[in-house]
Amino acid sequence: MLRTHHCNELNLQHLNQKVTLAAWVKTLRDKGKIIFVDIRDKFGITQLRAEEGKSPPEVIETMRKLGREFVVQVTGTVIERASKNPDLPTGEIEIEVEHIQILNPSKVPPFLIEDETDGGEDLRMRYRYLDLRRNTIRKNLELRHRIAQATRHYLDSQGFIEVETPMLIKSTPEGARDFLVPSRMNLGEFYALPQSPQTFKQLLMVSGFDRYFQIVKCFRDEDLRADRQPEFTQIDCEMSFVTQEDVLQMFEGLIRYLFQQIKGLELPAFPRMRYDDAMRLYGSDKPDTRFGMPFVELNELVKGKGFQVFDSAELVVGICAKGCAEYTRKQLDELTEFVKRPQIGAKGLVYVKCNADGTFKSSVDKFYTETDLQQWATKMQAEKGDLLLILSGETNKVRKQLCELRLEMGNRLGLRDKNQYSCLWIIDFPLLEYNEEDKRFYAMHHPFTSPKPEDLPLLDNESEYANIKANAYDMVINGVEVGGGSIRIYQRPLQEKMLSILGFSPEEAKAQFGFLMEAFEFGAPPHGGIAFGFDRLCSLFGGADTIRDFIAFPKNNAGRDVMINSPAPISQAQLDELGIRLVNKKA
RNA sequence: GGAGUGGUAGUUCAGCUGGUGAGAACGCCUGCCUGUCACGCAGGAGGCCGCGGGUUCGAGUCCCGUCCAUUCCGCCA
């Protein structure tokens with residue numbers, strides 16, 4: 001080793017020891033006759049000291065030449081500081097430098113390599129290796145490592161084995177857009193990168209592996225968000241001979257173990273909420289349950305009083321914001337503007353202030369009496385001082401809009417504390433979802449999800465498709481879908497039926513999924529599983545909204561890596577070899 | 001594919017209804033400083049105001065286009 005100690009190690013117990021350190025120059029403080037240099041490695045900071053007339057002249061000379069991020073190797077004696085720094089673990093000592101060597105100089109870094117950097121996102125990504133020198137980012141990756149290790153430990157202890165599945169697989173029409181890889185040896189044909197190892201893990205169950213997991217990269221070529229990357233990591237799991245209840249117990253166990261190990265938190269049992277209830281009460285299949293403020297439907301109270309907007313609405317629904325009756329005109333206007341933004345798309349917002357003196361003030365006083373408003377307030381369990389916020393319109397749309405408003409109110413009222421964790425299961429998802437554009441049903445989870453046994457007869461009646469429930473479940477924490485899974489179909493006839501409902505001809509079904517259905521004919525066990533979004537889980541544990549700071553080398557929201565500058569054009573020779581001709585070459 | 005926000009010094013940003021010097025802080029350079037640790041003090045360098053058009057006597061500022069970044073909607077089984 002080029003060092004005897006790292007930079008967070010030395011203290012008064014090492015007094016008078018001769019040590020060698022190797023690290024990066026963090027800051028220089030040249031006081032004239034005396035020079036202090038802080039050096040930094042991933043472990044911590046140690047102060048170097050040199051003094052004119054005392055230190056060797058070549059040491060003084062070299063130390064004056066140093067710049068930020070120079071890599072140096074220093075030999076010297078551990079001495080007690082004349083003035084100590086209680087903020088540093090090494091703050092009681094310093095190194096009296098006897099020899100210093102510049103192992104590598106550095107250009108001036110383009111941003112400050114400090115916890116509070118002055119660098120913007122773009123610049124940090126271009127010099128990601130410098131960004132990763134910062135404590136905050138490195139700690140995020142250390143957190144990710146610990147979560148991964150704890151996950152492996154838990155699943156191993158429960159009899160799961162980690163099996164790798166291929167990255168070069170086959171494109172399928174269902175689901176997200178695939179990333180494709182041309183095959184040189186099979187000209188004109190393409191591999192696809194896996195959107196998830198779904199079919200392979202099912203085949204491992206057919207193979208009798210009983211319990212499988214993998215912390216694995218998945219690829220989806222869709223537009224990105226702060227919490228979405230084109231390549232992301234899943235904790236992918238599958239178990240044989242299980243019911244939904246077994247899967248929920250096992251993986252609730254995993255998440256509670258992680259909270260215990262990583263955060264030191266003992267979480268209560270996770271509540272279960274049916275999908276229909278989640279949509280009715282929160283307008284979302286991933287409700288943030290850190291706070292209440294559930295939806296209250298008001299149709300029967302508001303109709304027929306001459307207010308055309310409500311009379312013509314399919315659903316009139318509101319939330320009660322505790323203690324907000326004092327909101328000013330300006331604040332109410334802000335909320336109205338919020339729901340009218342194009343992304344939300346509400347036409348307007350009706351409010352009712354439940355005044356402290358028991359009176360009501362609303363934006364619809366023209367149409368409704370005090371008695372009417374009192375009824376609303378009672379139904380919404382409002383007290384004096386509360387504010388009712390009501391939206392109306394087509395059911396699905398208005399629920400989505402009110403969901404956004406509820407989250408906004410949660411933010412405004414400080415009810416979404418990053419250090420508080422509210423976990424729950426959403427269960428009883430619909431099996432199928434109608435797509436207006438394509439005029440057909442799609443699998444809500446994926447085509448291998450099994451229907452609830454009691455709903456099997458509905459598969460024969462197209463008008464009932466939308467009412468079929470699936471053995472599918474999501475885990476939601478703080479309004480984030482961290483994982484989801486299902487009990488799978490394991491019998492060929494049912495899988496064939498499912499694919500035909502999804503619009504596959506028997507020939508297409510055989511071409512796409514014949515291998516899976518054939519496997520089902522060789523003694524496939526009942527099985528089911530789940531996959532967790534590992535990057536999201538890490539950001540949640542780290543209290544961040546973006547997953548990028550938990551990925552060593554992330555891509556920007558156009559899917560570009562601005563450090564290596566990918567994607568990039570390839571040579572004509574490569575294209576020729578792959579038999580590819582570009583039609584729309586970007587100039 | 002659509003909407004919002006932003007682009008001015010190495011960096012983060014300010015720059016009002018268009019009107020004589022394009023600014024601050026941090027960073028960088030030079031000098032001074034024997035207990036600093038957000039060191040201090042003095043001085044200095046550093047700018048195609050993203051790019052291209054337009055309006056105007058005059059544009060960092062207004063308009064149009066375009067590129068880049070970012071957030072969201074669509075999309076993501």
Side-chain angles (χ1 to χ4, degrees), chain A residues 26-40 45-55 64 67-69 79-88 90-92 94 107-127 130 172-178 195-196 198-199 218-230 232 337-338 340-345 397 400-401 404 429-433 435 437 441-449 470 472 474 481 484-486 498-499 502 531 533 545-546 548 556-558 560 562 586:
Chain A
K26 180 177 182 290
T27 43
L28 302 135
R29 289 181 297 277
D30 184 349
K31 294 287 296 176
K33 293 248 169 28
I34 186 168
I35 306 169
F36 298 105
V37 175
D38 289 343
I39 56 173
R40 178 203 65 231
I45 295 166
T46 299
Q47 178 168 282
L48 311 179
R49 173 192 193 279
E51 185 179 332
E52 267 178 22
K54 191 171 168 195
S55 305
R64 290 224 159 96
R68 283 157 58 206
E69 303 308 317
I79 60 170
E80 185 168 5
R81 287 202 198 182
S83 53
K84 295 176 177 162
N85 183 346
D87 297 333
L88 286 181
T90 61
E92 294 191 298
E94 62 199 349
K107 297 210 290 191
V108 175
F111 53 87
L112 292 177
I113 300 177
E114 305 283 347
D115 291 358
E116 293 293 324
T117 183
D118 62 354
E121 179 97 357
D122 187 25
L123 202 62
R124 287 170 42 215
M125 288 305 161
R126 198 139 53 83
Y127 298 94
L130 296 180
T172 56
E174 290 286 301
R177 223 171 270 120
D178 288 309
Q195 296 176 29
S196 83
Q198 182 61 34
T199 50
C218 302
F219 305 86
R220 293 178 191 173
D221 187 9
E222 295 292 347
D223 288 357
L224 305 177
R225 293 285 187 279
D227 65 346
R228 245 193 262 160
Q229 286 272 300
F232 60 100
E337 284 308 306
F338 177 82
K340 285 168 85 171
R341 279 165 40 213
Q343 281 89 341
I344 304 211
K397 282 184 184 162
K400 206 168 174 184
Q401 292 158 0
E404 297 294 335
F429 274 83
L431 181 71
L432 299 163
E433 203 175 21
N435 182 296
E437 255 175 60
F441 281 92
Y442 279 87
M444 191 156 186
H445 184 54
H446 58 47
F448 317 110
T449 300
D474 278 357
E481 180 201 322
S486 61
M498 186 68 191
L499 290 172
L502 296 176
D545 294 322
T546 168
R548 285 184 204 142
N556 73 7
N557 71 351
R560 299 200 70 88
V562 293
K586 224 174 161 183

Can you give me the N/O atom pairs linking the protein to nucleotides 1-4 of chain B at distances under 3.5 Å, or say none if there are none?
unit_1, atom_1, unit_2, atom_2, d
B/G1, O6, A/Asp223, OD2, 3.4
B/A3, N3, A/Gln343, NE2, 3.1

Closest-nucleotide mapping onto RNA chain B: is A/Lys400 or A/Glu80 further toward the 5' terminus? I mean the 5' end.
A/Glu80

Pick the closest RNA chain B nucleotide for A/Gly91 and for A/Ala443 by heavy atoms, then say which residue is nearer the 5' end.
A/Gly91

Which whole-number value in Å describes the distance from [X] [atom1] to [N] [atom2]?
| X | N | atom1 | atom2 | answer |
| --- | --- | --- | --- | --- |
| A/Phe219 | B/C75 | CZ | P | 24 Å |
| A/Ile39 | B/C37 | CD1 | P | 19 Å |
| A/Leu28 | B/G27 | CG | P | 12 Å |
| A/Gln401 | B/C72 | CD | P | 19 Å |
| A/Asn85 | B/C39 | CG | C1' | 12 Å |
| A/Leu224 | B/G74 | CG | P | 15 Å |
| A/Ile35 | B/C37 | CD1 | C1' | 15 Å |
| A/Glu404 | B/U71 | CD | P | 16 Å |

Can you tell me, in whole Å, how much space there is between the [atom1] of [N] and that of [M]?
| N | M | atom1 | answer |
| --- | --- | --- | --- |
| B/U56 | B/U11 | P | 36 Å |
| B/G23 | B/G4 | C1' | 29 Å |
| B/G46 | B/C13 | P | 24 Å |
| B/G27 | B/U12 | C1' | 11 Å |
| B/G7 | B/G50 | P | 8 Å |
| B/G52 | B/C39 | C1' | 48 Å |
| B/G18 | B/C28 | P | 40 Å |
| B/A38 | B/C33 | P | 23 Å |

Using the test side chain to side chain contact (heavy atoms under 4.5 Å, CB included), find all partners of A/Thr199 that sit at least two apart in sequence or belong to another chain.
A/Phe448, A/Phe515, A/Leu516

With heavy atoms under 4.0 Å as the rule, sort [X] into base, sugar-phosphate or nothing.
| X | result |
| --- | --- |
| A/Thr172 | nothing |
| A/Arg177 | nothing |
| A/Glu94 | base |
| A/Ala82 | base |
| A/Leu112 | sugar-phosphate |
| A/Asp30 | base |
| A/Glu174 | nothing |

Keeping to residues at least two apart or across chains, list the salt bridge (Lys or Arg N to Asp or Glu O under 4.0 Å) pairs with something in residues 107-120 of chain A.
A/Lys26-A/Glu114

Searching all strands shown, indicate the nucleotide that pairs with [N] (Watson-Crick or G-U wobble; both distances under 3.5 Å).
| N | value |
| --- | --- |
| B/A3 | B/U71 |
| B/A25 | B/U11 |
| B/C49 | none |
| B/C33 | none |

What does the list of N/O pairs under 3.5 Å between the protein and nucleotides 9-13 of chain B look like, with a distance for each?
unit_1, atom_1, unit_2, atom_2, d
B/U11, O2', A/Asp118, O, 2.3
B/U11, O2', A/Asp118, OD1, 3.4
B/U11, O2', A/Asp118, OD2, 3.4
B/U12, OP1, A/Gly120, N, 3.2
B/U12, O4', A/Asp118, O, 3.3

Spatial distance of atom [atom1] ([X]) from atom [atom2] ([Y]) [nearest 0.5 Å]:
| X | Y | atom1 | atom2 | answer |
| --- | --- | --- | --- | --- |
| A/Thr546 | A/Arg225 | OG1 | CZ | 13.0 Å |
| A/Ile39 | A/Thr90 | CD1 | OG1 | 9.5 Å |
| A/Asp38 | A/Leu28 | CG | CG | 8.5 Å |

Please test A/Arg49 against A/Ile79 for side chain to side chain contact (heavy atoms under 4.5 Å, CB included), starting from the C-alpha separation and ending with a verdict.
CA-CA 10 Å; A/Arg49 173 192 193 279; A/Ile79 60 170; 4.1 Å; yes

Tell whether [X] reaches the base of [N] with its side chain through a donor-acceptor pair below 3.5 angstrom.
| X | N | result |
| --- | --- | --- |
| A/Arg29 | B/G40 | no |
| A/Glu52 | B/U34 | no |
| A/Arg81 | B/U36 | yes |
| A/Arg228 | B/C75 | yes |
| A/Lys31 | B/C39 | yes |

Does the side chain of A/Arg548 get closer than 4.0 angstrom to OP1 or OP2 of B/U71 through an N or O atom?
yes

Would you say A/Arg68 places a side-chain N or O within less than 4.0 Å of OP1 or OP2 belonging to B/C28?
yes

Could I get the full list of side-chain hydrogen bond (donor to acceptor under 3.5 Å, both in side chains) partners for A/Arg177, not counting sequence neighbours?
A/Glu222

Could you pull out all residues at least two apart from [X] that satisfy salt bridge (charged side-chain N to carboxylate O under 4.0 Å, His left out)?
| X | value |
| --- | --- |
| A/Asp474 | none |
| A/Asp223 | none |
| A/Asp227 | A/Arg536 |
| A/Glu80 | A/Lys84 |

Charged N-O contact under 4.0 Å between A/Glu121 and A/Arg548
yes

Is the base of B/G27 syn or anti, where syn means the angle lies within 90° of 0?
anti

Heavy atoms of A/Arg68 and A/Pro109 approach each other most closely as NH2-CG, 3.4 Å

